[in-house]
S.K.: 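Please find one structure pasted underneath; my questions will follow.
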Amino acid sequence: MIKFLNEYSYTIWLGLLKDYVFGIEWLDKNFSSVLKLKPLILIAGCPGSGKTVLACTISYANALRGRKVLYITFHESKEKLFKIMSDLGMNLNDVEVRGTFNFVKIPIPLSIDNLSDTIFKLISKYSPEVVVFDTINPIMTITKDESVRRVLLQNFFYGLSESINGMTILVAESIGEDINLSNIEFIADVVFILKQRISKGLISRSLMIKKIRGVEVSVAEIPFRICSNLGIVLYPPPILEEVSPEYEELELPCEVLKKVVGHIHKSMYIYITYPPDARLPHATIIPLSVALHNNLKVLVISYIYPPDVVKAQLLRALGLIELKGKEVEELIDKYIVVKSINPTAYSLDELYIHELRLVDSLEDVDVVVIHDVGLVARLSNASEYLSKLYNQLNYLRLKRVLTVRLGSYVSDELYRLNALLSSTVLRFEPVFRDGKFVGVQAYVWRRGTTPYIITSEELSRCLEEIAENLRRKCFSR
Ligand SMILES: Nc1ncnc2c1ncn2[C@@H]1O[C@H](COP(=O)(O)OP(=O)(O)OP(=O)(O)O)[C@@H](O)[C@H]1O
Ligand SMILES: [Mg+2]
(Lines give C-alpha, C1' and ligand atoms only; values in the text may rest on other atoms or scores of the structure.)
(Ligands and ions follow the chains in the order given, each with its own letter.)
Protein backbone atom coordinates (compact mmCIF):
# COMPACT_ATOMS: atom_id res chain seq x y z
CA MET A 1 0.00 0.00 0.00
CA ILE A 2 1.16 3.51 0.36
CA LYS A 3 4.88 3.14 1.02
CA PHE A 4 4.51 -0.55 1.30
CA LEU A 5 7.34 -1.95 3.01
CA ASN A 6 10.29 -2.37 0.86
CA GLU A 7 11.55 -5.31 2.86
CA TYR A 8 15.21 -4.66 2.29
CA SER A 9 15.27 -1.02 3.31
CA TYR A 10 12.99 -1.72 6.25
CA THR A 11 15.30 -4.48 7.50
CA ILE A 12 18.27 -2.12 7.29
CA TRP A 13 16.25 0.56 9.02
CA LEU A 14 15.29 -1.91 11.79
CA GLY A 15 18.93 -2.83 12.17
CA LEU A 16 19.82 0.79 12.82
CA LEU A 17 17.27 1.13 15.59
CA LYS A 18 18.71 0.84 19.05
CA ASP A 19 15.44 0.03 20.81
CA TYR A 20 12.76 -2.58 20.67
CA VAL A 21 10.51 -2.72 17.62
CA PHE A 22 6.91 -3.56 16.80
CA GLY A 23 8.01 -5.11 13.52
CA ILE A 24 5.30 -3.26 11.61
CA GLU A 25 6.71 -0.32 9.70
CA TRP A 26 3.95 2.18 10.38
CA LEU A 27 3.82 1.44 14.12
CA ASP A 28 7.60 1.71 14.35
CA LYS A 29 7.65 5.01 12.47
CA ASN A 30 5.00 6.59 14.63
CA PHE A 31 5.21 5.02 18.07
CA SER A 32 8.74 3.72 18.56
CA SER A 33 9.31 6.16 21.43
CA VAL A 34 7.03 4.13 23.71
CA LEU A 35 9.28 1.11 23.23
CA LYS A 36 12.06 2.93 25.08
CA LEU A 37 9.90 2.51 28.20
CA LYS A 38 10.22 -1.28 27.87
CA PRO A 39 6.46 -1.25 27.88
CA LEU A 40 3.71 -3.53 29.01
CA ILE A 41 1.62 -4.12 25.87
CA LEU A 42 -1.90 -5.46 26.01
CA ILE A 43 -3.34 -7.02 22.84
CA ALA A 44 -7.03 -7.80 23.20
CA GLY A 45 -9.68 -8.97 20.79
CA CYS A 46 -12.23 -11.59 19.98
CA PRO A 47 -11.31 -15.13 18.81
CA GLY A 48 -9.63 -15.17 15.41
CA SER A 49 -9.05 -11.42 15.35
CA GLY A 50 -5.28 -11.79 14.87
CA LYS A 51 -3.96 -11.44 18.45
CA THR A 52 -1.50 -14.32 18.15
CA VAL A 53 -0.32 -13.11 14.74
CA LEU A 54 0.34 -9.63 16.16
CA ALA A 55 2.09 -11.00 19.27
CA CYS A 56 4.25 -13.24 17.08
CA THR A 57 5.02 -10.37 14.69
CA ILE A 58 6.38 -8.26 17.54
CA SER A 59 8.20 -11.26 19.05
CA TYR A 60 9.73 -12.35 15.76
CA ALA A 61 10.97 -8.87 14.82
CA ASN A 62 12.74 -8.55 18.18
CA ALA A 63 14.07 -12.11 18.11
CA LEU A 64 15.53 -11.41 14.65
CA ARG A 65 17.39 -8.48 16.16
CA GLY A 66 18.90 -10.70 18.81
CA ARG A 67 16.46 -9.95 21.65
CA LYS A 68 15.58 -13.02 23.70
CA VAL A 69 11.87 -13.79 23.56
CA LEU A 70 10.01 -16.08 25.95
CA TYR A 71 6.63 -17.05 24.48
CA ILE A 72 4.42 -18.53 27.21
CA THR A 73 1.14 -20.20 26.42
CA PHE A 74 -1.36 -22.42 28.18
CA HIS A 75 -2.97 -24.02 25.17
CA GLU A 76 -1.27 -23.11 21.86
CA SER A 77 0.33 -26.03 20.04
CA LYS A 78 3.93 -25.26 19.10
CA GLU A 79 3.74 -27.23 15.88
CA LYS A 80 0.60 -25.44 14.70
CA LEU A 81 1.85 -22.02 15.74
CA PHE A 82 5.20 -22.43 13.95
CA LYS A 83 3.44 -23.67 10.81
CA ILE A 84 0.87 -20.82 10.71
CA MET A 85 3.53 -18.17 11.34
CA SER A 86 5.79 -19.72 8.71
CA ASP A 87 2.96 -19.31 6.15
CA LEU A 88 2.80 -15.66 7.21
CA GLY A 89 6.51 -15.13 6.58
CA MET A 90 7.83 -15.66 10.13
CA ASN A 91 10.42 -18.39 10.50
CA LEU A 92 10.14 -19.16 14.22
CA ASN A 93 12.27 -22.30 13.79
CA ASP A 94 15.11 -20.14 12.67
CA VAL A 95 15.01 -17.79 15.69
CA GLU A 96 14.55 -20.79 17.99
CA VAL A 97 17.74 -22.34 16.63
CA ARG A 98 19.53 -19.02 17.09
CA GLY A 99 18.45 -19.12 20.73
CA THR A 100 16.39 -15.93 20.67
CA PHE A 101 12.91 -17.51 20.69
CA ASN A 102 11.71 -19.87 23.40
CA PHE A 103 8.25 -21.36 23.19
CA VAL A 104 7.04 -22.71 26.52
CA LYS A 105 3.69 -24.33 27.24
CA ILE A 106 2.77 -24.38 30.94
CA PRO A 107 -0.15 -25.96 32.82
CA ILE A 108 -3.12 -23.78 33.72
CA PRO A 109 -2.23 -22.30 37.16
CA LEU A 110 -4.31 -23.03 40.24
CA SER A 111 -3.28 -19.91 42.10
CA ILE A 112 -1.38 -16.70 41.51
CA ASP A 113 1.42 -17.94 43.79
CA ASN A 114 1.68 -21.13 41.83
CA LEU A 115 1.86 -19.08 38.59
CA SER A 116 4.41 -16.63 40.02
CA ASP A 117 6.68 -19.54 40.95
CA THR A 118 6.55 -21.06 37.46
CA ILE A 119 7.01 -17.73 35.67
CA PHE A 120 9.85 -16.43 37.77
CA LYS A 121 11.70 -19.76 37.37
CA LEU A 122 11.34 -19.44 33.60
CA ILE A 123 12.50 -15.86 33.67
CA SER A 124 15.60 -16.69 35.70
CA LYS A 125 16.34 -19.63 33.38
CA TYR A 126 16.04 -17.72 30.08
CA SER A 127 16.69 -14.07 31.07
CA PRO A 128 14.28 -12.91 28.35
CA GLU A 129 14.01 -9.34 27.06
CA VAL A 130 10.51 -9.92 25.71
CA VAL A 131 7.91 -12.04 27.53
CA VAL A 132 4.63 -12.93 25.85
CA PHE A 133 1.55 -14.45 27.50
CA ASP A 134 -0.79 -15.92 24.91
CA THR A 135 -3.36 -15.73 26.48
CA ILE A 136 -3.78 -14.34 29.96
CA ASN A 137 -7.42 -15.54 30.17
CA PRO A 138 -6.73 -18.54 32.43
CA ILE A 139 -4.95 -16.16 34.82
CA MET A 140 -7.80 -13.68 34.76
CA THR A 141 -10.21 -16.25 36.15
CA ILE A 142 -7.99 -17.66 38.89
CA THR A 143 -10.12 -16.18 41.63
CA LYS A 144 -13.77 -15.26 41.60
CA ASP A 145 -13.57 -12.33 43.95
CA GLU A 146 -13.30 -9.25 41.72
CA SER A 147 -11.57 -6.99 44.26
CA VAL A 148 -9.01 -9.64 45.25
CA ARG A 149 -8.50 -10.40 41.60
CA ARG A 150 -7.85 -6.77 40.73
CA VAL A 151 -5.09 -6.45 43.31
CA LEU A 152 -3.54 -9.83 42.49
CA LEU A 153 -3.53 -9.25 38.78
CA GLN A 154 -2.18 -5.75 38.98
CA ASN A 155 0.55 -6.82 41.37
CA PHE A 156 1.41 -9.88 39.34
CA PHE A 157 1.62 -8.19 35.92
CA TYR A 158 3.19 -5.05 37.27
CA GLY A 159 5.82 -7.11 39.13
CA LEU A 160 6.39 -9.24 36.04
CA SER A 161 6.91 -6.23 33.82
CA GLU A 162 9.31 -4.70 36.37
CA SER A 163 11.28 -7.92 36.75
CA ILE A 164 11.96 -8.22 33.01
CA ASN A 165 14.52 -5.88 31.62
CA GLY A 166 12.47 -5.51 28.48
CA MET A 167 8.90 -5.60 27.28
CA THR A 168 5.91 -7.69 28.24
CA ILE A 169 3.11 -8.59 25.87
CA LEU A 170 -0.19 -9.77 27.27
CA VAL A 171 -2.69 -11.31 24.89
CA ALA A 172 -6.28 -11.33 26.09
CA GLU A 173 -9.29 -12.85 24.48
CA SER A 174 -12.30 -10.68 25.08
CA ILE A 175 -15.69 -12.06 24.26
CA GLY A 176 -18.28 -9.50 25.19
CA GLU A 177 -17.86 -8.39 28.79
CA ASP A 178 -16.96 -11.74 30.32
CA ILE A 179 -13.54 -10.65 31.48
CA ASN A 180 -12.78 -7.26 32.86
CA LEU A 181 -9.72 -5.93 31.06
CA SER A 182 -9.86 -2.51 32.65
CA ASN A 183 -7.54 -3.67 35.47
CA ILE A 184 -4.86 -4.56 32.97
CA GLU A 185 -5.55 -1.62 30.65
CA PHE A 186 -4.94 0.60 33.62
CA ILE A 187 -1.36 -0.61 34.13
CA ALA A 188 -0.54 -1.21 30.43
CA ASP A 189 1.57 1.31 28.51
CA VAL A 190 0.11 0.26 25.17
CA VAL A 191 -3.36 -1.12 24.51
CA PHE A 192 -4.18 -2.56 21.09
CA ILE A 193 -7.70 -3.80 20.49
CA LEU A 194 -8.14 -5.99 17.42
CA LYS A 195 -11.57 -5.85 15.88
CA GLN A 196 -13.09 -7.99 13.24
CA ARG A 197 -16.36 -7.52 11.49
CA ILE A 198 -18.12 -9.83 9.13
CA SER A 199 -19.87 -7.94 6.42
CA LYS A 200 -21.49 -9.61 3.42
CA GLY A 201 -19.79 -12.83 4.49
CA LEU A 202 -16.30 -11.27 4.41
CA ILE A 203 -13.98 -10.41 7.25
CA SER A 204 -12.70 -6.90 7.69
CA ARG A 205 -10.19 -6.27 10.44
CA SER A 206 -8.97 -3.19 12.22
CA LEU A 207 -6.43 -2.33 14.87
CA MET A 208 -7.67 0.11 17.45
CA ILE A 209 -4.97 1.99 19.30
CA LYS A 210 -6.65 2.61 22.60
CA LYS A 211 -3.66 3.88 24.49
CA ILE A 212 0.02 4.60 23.95
CA ARG A 213 1.65 6.16 26.95
CA GLY A 214 3.52 9.37 26.21
CA VAL A 215 2.47 9.56 22.56
CA GLU A 216 -0.26 11.64 21.01
CA VAL A 217 -2.46 9.24 19.06
CA SER A 218 -4.47 10.90 16.33
CA VAL A 219 -5.45 7.81 14.35
CA ALA A 220 -7.63 5.59 16.43
CA GLU A 221 -8.52 2.69 14.14
CA ILE A 222 -6.48 1.31 11.27
CA PRO A 223 -7.79 -1.32 8.86
CA PHE A 224 -5.47 -4.29 8.35
CA ARG A 225 -5.25 -7.62 6.60
CA ILE A 226 -3.48 -10.84 7.40
CA CYS A 227 -1.73 -11.89 4.19
CA SER A 228 0.26 -15.00 3.31
CA ASN A 229 4.02 -14.36 3.39
CA LEU A 230 3.51 -10.78 4.61
CA GLY A 231 1.68 -11.24 7.90
CA ILE A 232 -0.06 -8.12 9.17
CA VAL A 233 -0.46 -5.42 6.55
CA LEU A 234 -1.83 -2.12 7.86
CA TYR A 235 -3.69 0.44 5.77
CA PRO A 236 -3.19 3.62 7.77
CA PRO A 237 -4.77 6.82 6.53
CA PRO A 238 -2.08 9.14 5.19
CA ILE A 239 -0.95 12.04 7.30
CA LEU A 240 -2.21 15.12 5.52
CA GLU A 241 1.01 17.09 5.93
CA GLU A 242 2.58 14.47 3.66
CA VAL A 243 0.12 15.22 0.87
CA SER A 244 1.61 17.80 -1.44
CA PRO A 245 -1.17 19.80 -3.07
CA GLU A 246 0.43 20.37 -6.46
CA TYR A 247 1.65 17.69 -8.79
CA GLU A 248 2.29 17.51 -12.53
CA GLU A 249 0.08 19.85 -14.53
CA LEU A 250 -2.23 18.37 -17.18
CA GLU A 251 -3.63 20.11 -20.24
CA LEU A 252 -7.35 20.01 -20.88
CA PRO A 253 -8.39 18.76 -24.31
CA CYS A 254 -10.55 21.69 -25.57
CA GLU A 255 -10.78 25.47 -25.40
CA VAL A 256 -13.93 25.82 -23.35
CA LEU A 257 -12.56 23.52 -20.62
CA LYS A 258 -9.29 25.46 -20.65
CA LYS A 259 -11.27 28.68 -20.28
CA VAL A 260 -13.51 27.45 -17.48
CA VAL A 261 -11.28 25.06 -15.55
CA GLY A 262 -7.83 26.34 -16.53
CA HIS A 263 -5.61 23.36 -15.99
CA ILE A 264 -5.72 20.39 -13.67
CA HIS A 265 -3.09 18.50 -11.71
CA LYS A 266 -2.43 14.84 -11.24
CA SER A 267 -3.53 14.11 -7.67
CA MET A 268 -6.84 15.89 -8.15
CA TYR A 269 -10.22 14.26 -7.80
CA ILE A 270 -12.78 14.91 -10.55
CA TYR A 271 -16.37 13.93 -9.95
CA ILE A 272 -18.51 13.41 -13.03
CA THR A 273 -22.23 12.77 -12.84
CA TYR A 274 -25.24 12.46 -15.13
CA PRO A 275 -28.90 11.49 -14.73
CA PRO A 276 -29.37 7.76 -14.05
CA ASP A 277 -31.85 7.65 -16.94
CA ALA A 278 -29.63 9.52 -19.41
CA ARG A 279 -26.10 8.11 -19.36
CA LEU A 280 -24.48 10.61 -21.67
CA PRO A 281 -21.36 9.59 -23.65
CA HIS A 282 -19.79 12.98 -22.86
CA ALA A 283 -19.17 11.71 -19.35
CA THR A 284 -16.93 9.02 -20.84
CA ILE A 285 -15.34 10.97 -23.69
CA ILE A 286 -14.12 13.93 -21.63
CA PRO A 287 -12.07 12.06 -18.97
CA LEU A 288 -10.85 9.59 -21.61
CA SER A 289 -9.63 12.43 -23.79
CA VAL A 290 -7.88 14.15 -20.84
CA ALA A 291 -5.91 10.94 -20.31
CA LEU A 292 -5.13 10.29 -23.98
CA HIS A 293 -4.29 13.94 -24.62
CA ASN A 294 -1.68 13.81 -21.86
CA ASN A 295 -0.44 10.25 -22.62
CA LEU A 296 -1.60 8.94 -19.27
CA LYS A 297 -2.00 5.32 -18.30
CA VAL A 298 -5.55 4.71 -17.06
CA LEU A 299 -6.96 2.05 -14.77
CA VAL A 300 -10.73 1.84 -15.19
CA ILE A 301 -12.53 0.07 -12.34
CA SER A 302 -16.08 -0.78 -13.23
CA TYR A 303 -18.63 -1.80 -10.64
CA ILE A 304 -21.23 -2.81 -13.18
CA TYR A 305 -19.67 -4.07 -16.42
CA PRO A 306 -17.04 -6.69 -17.25
CA PRO A 307 -13.80 -5.44 -18.90
CA ASP A 308 -14.79 -6.38 -22.47
CA VAL A 309 -18.06 -4.48 -22.20
CA VAL A 310 -16.27 -1.40 -20.80
CA LYS A 311 -13.79 -1.43 -23.69
CA ALA A 312 -16.64 -1.81 -26.19
CA GLN A 313 -18.42 1.14 -24.56
CA LEU A 314 -15.31 3.31 -24.76
CA LEU A 315 -14.96 2.50 -28.45
CA ARG A 316 -18.65 3.18 -29.02
CA ALA A 317 -18.36 6.57 -27.28
CA LEU A 318 -15.35 7.47 -29.44
CA GLY A 319 -17.29 6.21 -32.49
CA LEU A 320 -19.91 8.88 -31.76
CA ILE A 321 -17.29 11.53 -32.51
CA GLU A 322 -16.21 9.65 -35.64
CA LEU A 323 -13.15 8.04 -34.11
CA LYS A 324 -13.09 4.46 -35.33
CA GLY A 325 -10.77 1.79 -36.62
CA LYS A 326 -7.80 -0.31 -35.68
CA GLU A 327 -5.68 2.70 -34.70
CA VAL A 328 -8.27 3.84 -32.16
CA GLU A 329 -8.47 0.34 -30.69
CA GLU A 330 -4.69 0.24 -30.42
CA LEU A 331 -4.67 3.57 -28.63
CA ILE A 332 -7.22 2.29 -26.12
CA ASP A 333 -5.25 -0.93 -25.60
CA LYS A 334 -2.06 1.02 -25.08
CA TYR A 335 -3.37 3.38 -22.41
CA ILE A 336 -6.36 1.72 -20.78
CA VAL A 337 -6.54 -1.24 -18.41
CA VAL A 338 -10.01 -2.28 -17.24
CA LYS A 339 -10.77 -4.24 -14.08
CA SER A 340 -14.21 -5.14 -12.84
CA ILE A 341 -15.21 -5.49 -9.21
CA ASN A 342 -18.54 -6.56 -7.80
CA PRO A 343 -18.87 -4.10 -4.88
CA THR A 344 -21.58 -6.14 -3.18
CA ALA A 345 -18.97 -8.84 -2.53
CA TYR A 346 -16.93 -6.58 -0.23
CA SER A 347 -17.31 -4.52 2.89
CA LEU A 348 -16.54 -0.84 2.22
CA ASP A 349 -13.12 -1.17 3.90
CA GLU A 350 -12.25 -4.24 1.89
CA LEU A 351 -13.50 -2.70 -1.33
CA TYR A 352 -11.33 0.39 -0.98
CA ILE A 353 -8.32 -1.66 0.09
CA HIS A 354 -8.85 -4.01 -2.86
CA GLU A 355 -8.93 -1.04 -5.24
CA LEU A 356 -5.76 0.45 -3.80
CA ARG A 357 -4.03 -2.89 -4.11
CA LEU A 358 -5.08 -2.99 -7.77
CA VAL A 359 -3.51 0.43 -8.31
CA ASP A 360 -0.33 -0.75 -6.57
CA SER A 361 -0.15 -3.95 -8.56
CA LEU A 362 -0.10 -2.18 -11.93
CA GLU A 363 2.91 -0.30 -13.14
CA ASP A 364 2.70 3.47 -13.58
CA VAL A 365 -1.01 4.14 -13.27
CA ASP A 366 -1.61 7.88 -13.78
CA VAL A 367 -5.39 7.97 -13.71
CA VAL A 368 -7.94 5.85 -11.88
CA VAL A 369 -11.45 6.01 -13.27
CA ILE A 370 -14.13 4.44 -11.11
CA HIS A 371 -17.61 3.72 -12.43
CA ASP A 372 -20.46 3.65 -11.26
CA VAL A 373 -19.78 5.26 -7.91
CA GLY A 374 -23.46 5.83 -7.19
CA LEU A 375 -23.87 2.10 -6.67
CA VAL A 376 -21.40 1.83 -3.77
CA ALA A 377 -22.78 4.98 -2.24
CA ARG A 378 -26.23 3.42 -2.10
CA LEU A 379 -24.82 0.29 -0.42
CA SER A 380 -23.26 2.21 2.49
CA ASN A 381 -24.28 4.70 5.10
CA ALA A 382 -23.31 8.31 4.41
CA SER A 383 -20.82 8.93 7.22
CA GLU A 384 -18.95 5.66 6.67
CA TYR A 385 -18.89 6.34 2.94
CA LEU A 386 -17.52 9.82 3.42
CA SER A 387 -14.73 8.84 5.80
CA LYS A 388 -13.60 5.80 3.77
CA LEU A 389 -13.72 7.75 0.51
CA TYR A 390 -11.76 10.60 2.05
CA ASN A 391 -8.97 8.21 3.06
CA GLN A 392 -8.95 6.48 -0.29
CA LEU A 393 -8.72 9.75 -2.20
CA ASN A 394 -5.83 10.85 -0.02
CA TYR A 395 -3.99 7.60 -0.71
CA LEU A 396 -4.41 8.15 -4.42
CA ARG A 397 -3.30 11.73 -4.08
CA LEU A 398 -0.14 10.62 -2.33
CA LYS A 399 0.45 8.22 -5.18
CA ARG A 400 0.10 11.17 -7.59
CA VAL A 401 -2.89 9.63 -9.29
CA LEU A 402 -5.66 11.62 -10.93
CA THR A 403 -8.92 10.15 -9.67
CA VAL A 404 -12.05 10.37 -11.79
CA ARG A 405 -15.22 9.03 -10.24
CA LEU A 406 -18.17 8.64 -12.55
CA GLY A 407 -21.67 7.92 -11.49
CA SER A 408 -25.36 8.52 -11.89
CA TYR A 409 -26.92 11.32 -9.90
CA VAL A 410 -28.66 9.16 -7.28
CA SER A 411 -29.50 11.70 -4.62
CA ASP A 412 -28.75 15.26 -3.61
CA GLU A 413 -27.01 14.01 -0.48
CA LEU A 414 -24.57 11.76 -2.36
CA TYR A 415 -23.95 14.38 -5.00
CA ARG A 416 -23.02 16.85 -2.27
CA LEU A 417 -20.78 14.33 -0.46
CA ASN A 418 -18.83 13.61 -3.63
CA ALA A 419 -18.68 17.26 -4.61
CA LEU A 420 -17.43 18.14 -1.14
CA LEU A 421 -14.29 16.05 -1.60
CA SER A 422 -13.68 16.84 -5.27
CA SER A 423 -11.42 19.40 -6.92
CA THR A 424 -13.62 19.58 -10.01
CA VAL A 425 -17.26 18.70 -10.64
CA LEU A 426 -18.74 18.06 -14.07
CA ARG A 427 -22.50 17.52 -14.10
CA PHE A 428 -23.93 16.65 -17.49
CA GLU A 429 -27.58 17.30 -18.28
CA PRO A 430 -29.63 16.77 -21.40
CA VAL A 431 -31.15 19.95 -22.88
CA PHE A 432 -34.65 19.96 -24.34
CA ARG A 433 -36.33 22.65 -26.44
CA ASP A 434 -40.04 22.41 -27.17
CA GLY A 435 -39.99 18.91 -25.74
CA LYS A 436 -37.19 17.80 -28.07
CA PHE A 437 -33.69 16.71 -27.09
CA VAL A 438 -31.28 19.26 -28.56
CA GLY A 439 -27.99 18.50 -26.86
CA VAL A 440 -26.08 18.22 -23.60
CA GLN A 441 -24.91 20.96 -21.29
CA ALA A 442 -22.50 20.71 -18.37
CA TYR A 443 -22.37 22.44 -15.04
CA VAL A 444 -18.66 22.84 -14.25
CA TRP A 445 -16.98 23.88 -11.08
CA ARG A 446 -13.31 23.77 -10.18
CA ARG A 447 -12.07 24.56 -6.70
CA GLY A 448 -10.98 28.20 -6.66
CA THR A 449 -13.15 29.31 -9.60
CA THR A 450 -16.78 30.34 -10.05
CA PRO A 451 -19.21 27.74 -11.42
CA TYR A 452 -20.05 27.83 -15.11
CA ILE A 453 -22.56 26.20 -17.42
CA ILE A 454 -21.03 24.98 -20.65
CA THR A 455 -23.81 25.27 -23.22
CA SER A 456 -24.66 22.46 -25.59
CA GLU A 457 -23.10 24.46 -28.46
CA GLU A 458 -19.85 24.95 -26.53
CA LEU A 459 -19.83 21.28 -25.58
CA SER A 460 -20.34 20.17 -29.19
CA ARG A 461 -17.42 22.35 -30.24
CA CYS A 462 -15.36 20.82 -27.40
CA LEU A 463 -16.09 17.31 -28.68
CA GLU A 464 -15.09 18.36 -32.21
CA GLU A 465 -11.75 19.62 -30.92
CA ILE A 466 -11.25 16.43 -28.92
CA ALA A 467 -12.00 14.38 -32.03
CA GLU A 468 -9.53 16.43 -34.11
CA ASN A 469 -6.76 16.07 -31.54
CA LEU A 470 -7.28 12.37 -31.03
CA ARG A 471 -7.52 11.75 -34.76
CA ARG A 472 -4.15 13.44 -35.17
CA LYS A 473 -2.76 11.31 -32.37
CA CYS A 474 -4.09 8.03 -33.79
CA PHE A 475 -3.28 8.53 -37.42
CA SER A 476 0.02 10.38 -37.28
CA ARG A 477 1.84 7.62 -35.43
N1 LIG B 1 -1.66 -17.79 5.85
C2 LIG B 1 -2.69 -16.97 6.15
N3 LIG B 1 -3.21 -16.16 5.22
C4 LIG B 1 -4.23 -15.33 5.50
N5 LIG B 1 -4.81 -15.26 6.70
C6 LIG B 1 -4.34 -16.04 7.68
C7 LIG B 1 -3.25 -16.93 7.46
N8 LIG B 1 -3.00 -17.54 8.61
C9 LIG B 1 -3.90 -17.09 9.52
N10 LIG B 1 -4.70 -16.19 8.94
C11 LIG B 1 -5.81 -15.47 9.59
O12 LIG B 1 -5.44 -15.17 10.91
C13 LIG B 1 -6.56 -15.41 11.74
C14 LIG B 1 -6.15 -15.98 13.09
O15 LIG B 1 -5.31 -15.10 13.69
P16 LIG B 1 -4.86 -15.41 15.17
O17 LIG B 1 -4.63 -16.86 15.40
O18 LIG B 1 -3.75 -14.48 15.46
O19 LIG B 1 -6.16 -14.95 15.95
P20 LIG B 1 -6.36 -14.93 17.49
O21 LIG B 1 -7.03 -13.64 17.79
O22 LIG B 1 -5.10 -15.24 18.19
O23 LIG B 1 -7.40 -16.10 17.63
P24 LIG B 1 -7.66 -17.07 18.90
O25 LIG B 1 -8.58 -16.31 19.76
O26 LIG B 1 -8.31 -18.26 18.26
O27 LIG B 1 -6.36 -17.39 19.53
C28 LIG B 1 -7.38 -16.43 11.08
O29 LIG B 1 -8.73 -16.14 11.33
C30 LIG B 1 -7.03 -16.33 9.63
O31 LIG B 1 -8.08 -15.61 8.99
MG1 LIG C 1 -4.49 -16.79 19.47
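One-based numbering, in listed order, for ligands and for the atoms of each. Here the structure is a predicted model, which is why all the values come from computation and not from measurement.
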S.K.: Go through ligand 1 atom by atom and flag the ones less than 4.0 Å from a non-hydrogen atom of Ser49.
M.R.: 19 (O), 20 (P), 21 (O)
S.K.: Which distance, rounded to the nearest 0.5 Å, do you find between the OH of Tyr235 and the CG of Asn391?
M.R.: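 Those atoms lie 14.0 Å apart.
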S.K.: Working note: Arg405 + Asn418, criterion side-chain contact (heavy atoms from CB on, under 4.5 Å); need CA distance, chi angles, decisive distance, verdict.
M.R.: CA-CA 9 Å; Arg405 291 168 44 89; Asn418 275 289; 3.2 Å; yes
S.K.: Hey, does Val53 come in under 3.5 Å of ligand 1, counting only N/O atoms on both sides?
M.R.: yes
S.K.: With side-chain hydrogen bond (donor to acceptor under 3.5 Å, both in side chains) as the test, pick out the partner of Tyr71 among Asp134, Asn102, Thr52.
M.R.: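 For Tyr71, the side-chain hydrogen bond (donor to acceptor under 3.5 Å, both in side chains) test succeeds with only one of Asp134, Asn102, Thr52, which is Asp134.
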S.K.: Using heavy atoms and a threshold below 4.0 Å, how should the contact between Arg205 and ligand 1 be classified: side chain, backbone, both, or neither?
M.R.: side chain
S.K.: Measure the distance from atom 22 (O) of ligand 1 to every protein heavy atom, then report the residue, atom name and distance (to 0.1 Å) of the closest one.
M.R.: Thr52 OG1, 2.8 Å
S.K.: Which one holds for Lys51 and ligand 1: side chain close, backbone close, both close, or neither close, with close meaning a heavy atom under 4.0 Å?
M.R.: both
S.K.: Check step by step if side-chain contact (heavy atoms from CB on, under 4.5 Å) holds for Val298 and Leu288.
M.R.: CA-CA 9 Å; Val298 184; Leu288 182 62; 5.7 Å; no
S.K.: Would you indicate which of Leu230, Leu88, Leu54, Asp87 comes nearest to atom 2 (C) of ligand 1 when only heavy atoms are counted?
M.R.: Leu88
S.K.: Can you measure from CD1 (Ile41) to CG (Leu54) and round to the nearest 0.5 angstrom?
M.R.: 8.5 Å
S.K.: Which residue from Ser86, Gly48, Cys46 reaches closest to atom 29 (O) of ligand 1 through any of its heavy atoms?
M.R.: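 Looking at heavy atoms only, the winner is Gly48.
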S.K.: Look at the aromatic rings of Phe120 and Phe156 and report parallel, tilted or perpendicular, splitting at 30° and 60°.
M.R.: perpendicular
S.K.: Give me the nearest non-hydrogen protein atom to atom 4 (C) of ligand 1 as residue plus atom name, then the distance to 0.1 Å.
M.R.: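 For atom 4 (C) of ligand 1, the nearest protein heavy atom is Ile226 O, 3.3 Å.
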S.K.: Where is the nearest protein heavy atom to atom 3 (N) of ligand 1: which residue, which atom, and how far?
M.R.: Ser228 OG, 3.4 Å
S.K.: Enumerate the atoms of ligand 1 whose separation from the nearest heavy atom of Gly50 is less than 4.0 angstrom.
M.R.: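 So the atoms of ligand 1 that pass are 15 (O), 16 (P), 18 (O), 19 (O), 20 (P), 21 (O).
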S.K.: Is any N, O or S atom of Thr52 under 2.8 Å away from the Mg ion (ligand 2)?
M.R.: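 Of the N, O and S atoms in Thr52, at least one lies under 2.8 Å from the Mg ion (ligand 2), which means yes.
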S.K.: Touching ligand 1 at all, Gly45? Heavy atoms, strictly under 4.0 Å?
M.R.: no
S.K.: Could you check whether the rings of Tyr415 and Tyr271 sit parallel, tilted or perpendicular, using 30° and 60° as the cut-offs?
M.R.: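 If you compare the ring of Tyr415 with that of Tyr271, the planes turn out tilted.
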S.K.: As an exercise, state the distance from CZ of Phe74 to CD1 of Ile108, rounded to the nearest 0.5 Å.
M.R.: 7.5 Å
S.K.: Check each atom of ligand 1 against the heavy atoms of Pro47 and keep those under 4.0 Å away; list them by number with element.
M.R.: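 Those atoms are 23 (O), 25 (O).
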S.K.: Can you measure from CD (Gln392) to OH (Tyr352) and round to the nearest 0.5 angstrom?
M.R.: 5.5 Å
S.K.: Of the choices Ile84, Thr73, Asp134, Ile232, which has the non-hydrogen atom that lies closest to atom 9 (C) of ligand 1?
M.R.: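 Heavy atom nearest to atom 9 (C) of ligand 1 belongs to Ile84.
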